[in-house]
There are 2 protein chains.
Amino acid sequence: MSLRYAILGYLSSGPGTGYDLARQLDTGLGWFWTARHSQIYPELKKLTEGGLIRRHSAVAGENFDKFEYSITEAGLAELREWAGQAPSYPPNRDSERLQLIFSDEQPSSLRLHLEAHLEHFRQRRDRLRETLSSMQQGTHPRVQKRIDEGPPSRADLTLKLRELAYSGDIARAELEVAWAQSALDWLDEYEQDNVERLAGRQPG
Amino acid sequence: MSLRYAILGYLSSGPGTGYDLARQLDTGLGWFWTARHSQIYPELKKLTEGGLIRRHSAVAGENFDKFEYSITEAGLAELREWAGQAPSYPPNRDSERLQLIFSDEQPSSLRLHLEAHLEHFRQRRDRLRETLSSMQQGTHPRVQKRIDEGPPSRADLTLKLRELAYSGDIARAELEVAWAQSALDWLDEYEQDNVERLAGRQPG
DNA sequence: TTGTCCATGTAAACAGTTACATGATTGA
DNA sequence: TCAATCATGTAACTGTTTACATGGACAA
């Protein structure tokens, strides 16, 4: 249900094509929503039909047009209305945790599990840091465009809220890294104990 | 795709009805997966057809039978195989963050947003603490059943992995609480500054 | 007898992923 | 001219939610 607002939000910083959106949302890097182009193009159509965005042709090559979309006043109003509502939280679904608690018959797979977790969130943390850093240095094109071309009264808040959001996500990733590290420390001890127990049983 | 494993995992601690599963998964409380009964009953049928669980009648009232499901050897093998794989992480989708970064034109809604966030994760933290606590005290029926009736070699690990999982989720909730609190502190200052700025402009 | 919980299903709609499909532009 | 990237769509499938539907058990 948030895809439409992710699109409206993106376009609220300036016009863009479906392809632009797909690049932003496909990877999900530096962004808070993900979607494939196969979901984006139909949604752009719906938003256009609803009058929340407008579609116009733009030159892509010599005899080839692309379509740019711009947000309308109605779209801006709907985005603001949505942003001002209290957040709602989706039901928790965490397959990593499920796998973890049902590994109690195969502790041998725990190291793989925890190391993959560690690596995943290290990378996420690093990419989030890079993105935040580029925003703070003014080299993030889209955010800088929003700051430069939006109403001056908004500029400070634009950056501050991104900092809040990204530093929060960075802290989340750091927490996962620390969690996995302490779990791996425990696992070292656990496996050491098991080795000693087996050695004690069969000395020599 | 994890629903089948959530079900297999639940049944790996002992037999249960579709209704039992629905109660566990409907609220998602103290659990890592959520589903409605409308999704559970068809999935139980599929799993039965695949030979991963078995269905048998059990007495519910005088002239009324309910259906109990038990995991089969094939089901246990599939559960173990899945649990041993490296975790994979779904693409990030976070409507709360989207709402936050697009509130830069309506700072007036930020307090509502942050207070709702704070309250949501305070409650989640408290419920997770209660669940963990009941497991550690041996009063969590389902987990205690798994510990008591499973192979003794598994018992320590069953509890330890639940502790890892739940304490990790508790730490996540605590992080969100701390994040929201520091954001609210910033907001207090921000609004104070604005009041002073307005007062400075129109003194008296 | 009335309301709450126990108990089990199906149907329609919506959201998201994967696969299919096509063609232009640009730089090496 | 070849590969990578730009650019735009549709179709089929899977997963999830909401709504529809039914009926027994049990306690106030």
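Just so we're on the same page: letters track the sequence lines, and every chain starts at 1. Treat the numbers as computed from the prediction; the structure is a model and nothing was measured.
Nearest heavy atoms, D169(A) versus N92(B): OD2-ND2, 4.0 Å.
The environment of E49(A) atom CD is dense: over 12 non-hydrogen atoms of other residues, nucleotides or ligands sit within 6.0 angstrom.
Across all strands, P90(B) comes closer than 4.0 Å to no nucleic acid atom at all (heavy-atom distances). In this structure, R4(B) reaches neither bases nor backbone, as no heavy-atom distance under 4.0 Å exists between it and the strands shown.
With the nearest nucleotide of DNA chain C identified for both P91(B) and K45(B), K45(B) has the one nearer the 5' end. Heavy-atom distances to DNA chain C give each of S38(B) and D20(B) a nearest nucleotide, and the one nearer the 5′ end belongs to D20(B). DNA chain D is contacted by both R36(B) and K46(B); K46(B) maps to the nucleotide lying nearer its 5′ end (nearest heavy atom per residue). Along DNA chain D, the nucleotide nearest S2(B) and the nucleotide nearest F67(A) are compared for position; the residue whose nucleotide lies closer to the 5' end is F67(A).
Of the possible polar contacts, one joining the R97(B) side chain to the A165(A) backbone as a donor-acceptor pair under 3.5 Å is found.
Per the geometry, CZ belonging to R93(B) stands 6 Å off C1' belonging to dG16(C), to the nearest Å. Rounded to whole Å, the distance from CE on M1(A) to P on dT16(D) is 19 Å. We find that CG of D65(B) is positioned 14 Å from C1' of dG23(D), with the value rounded to whole Å. For the pair L21(B) CG and dG9(C) C1', the interatomic distance rounds to 15 Å; values are reported in whole Å. In this entry the distance linking CG of L25(A) with C1' of dA15(C) reads 15 Å, nearest Å. Straight-line distance from the CD atom of E43(B) to the C1' atom of dT17(D): 16 Å, rounded to whole Å. Separating the CD atom of Q24(A) from the P atom of dC6(D) is a distance of 13 Å, rounded to the nearest angstrom. D26(B) places its CG atom 14 Å from the P atom of dT8(C), with the value rounded to the nearest Å.
Nearest nucleotide to the side chain of Y41(B), out of dT17(C), dT8(C), dT8(D): dT8(C). Looking at the side chain of T17(A), the nearest of the listed nucleotides dT8(D), dC5(C), dG9(C) is dT8(D). Among the nucleotides dT16(D), dT17(C), dT5(D), the one closest to any side-chain atom of W33(B) is dT16(D). Distance from the side chain of Q39(B) is smallest to dG15(D) among dG9(D), dG15(D), dG23(C). Across dT8(D), dT10(C), dT16(D), the shortest atom-to-atom separation from the side chain of Y19(A) is found for dT8(D).
The aromatic rings of W31(A) and Y10(A) stand perpendicular to each other, their planes meeting at an angle above 60°, with 30° marking the opposite boundary.
Seen from the ring of F121(A), R127(A) does not count as a face-on cation partner, given the 6.0 Å and 45° thresholds.
Y166(A) has its ring centre less than 6.0 Å from the ring centre of F32(A).
Taking five base pairs at each end of the helix from dT1(C)-dA28(D) to dA28(C)-dT1(D), the local helix axes there meet at an angle of 20°, rounded to 10°.
Side-chain contact of T17(B) with D20(B): a donor-acceptor pair under 3.5 Å is present, judged by distance alone.
Between S2(A) atom OG and Q99(B) atom CD the span is 7.0 Å, to the nearest 0.5 Å.
Distances shown here put a side-chain N or O of R23(B) below 4.0 Å from the OP1 or OP2 atom of dC6(C).
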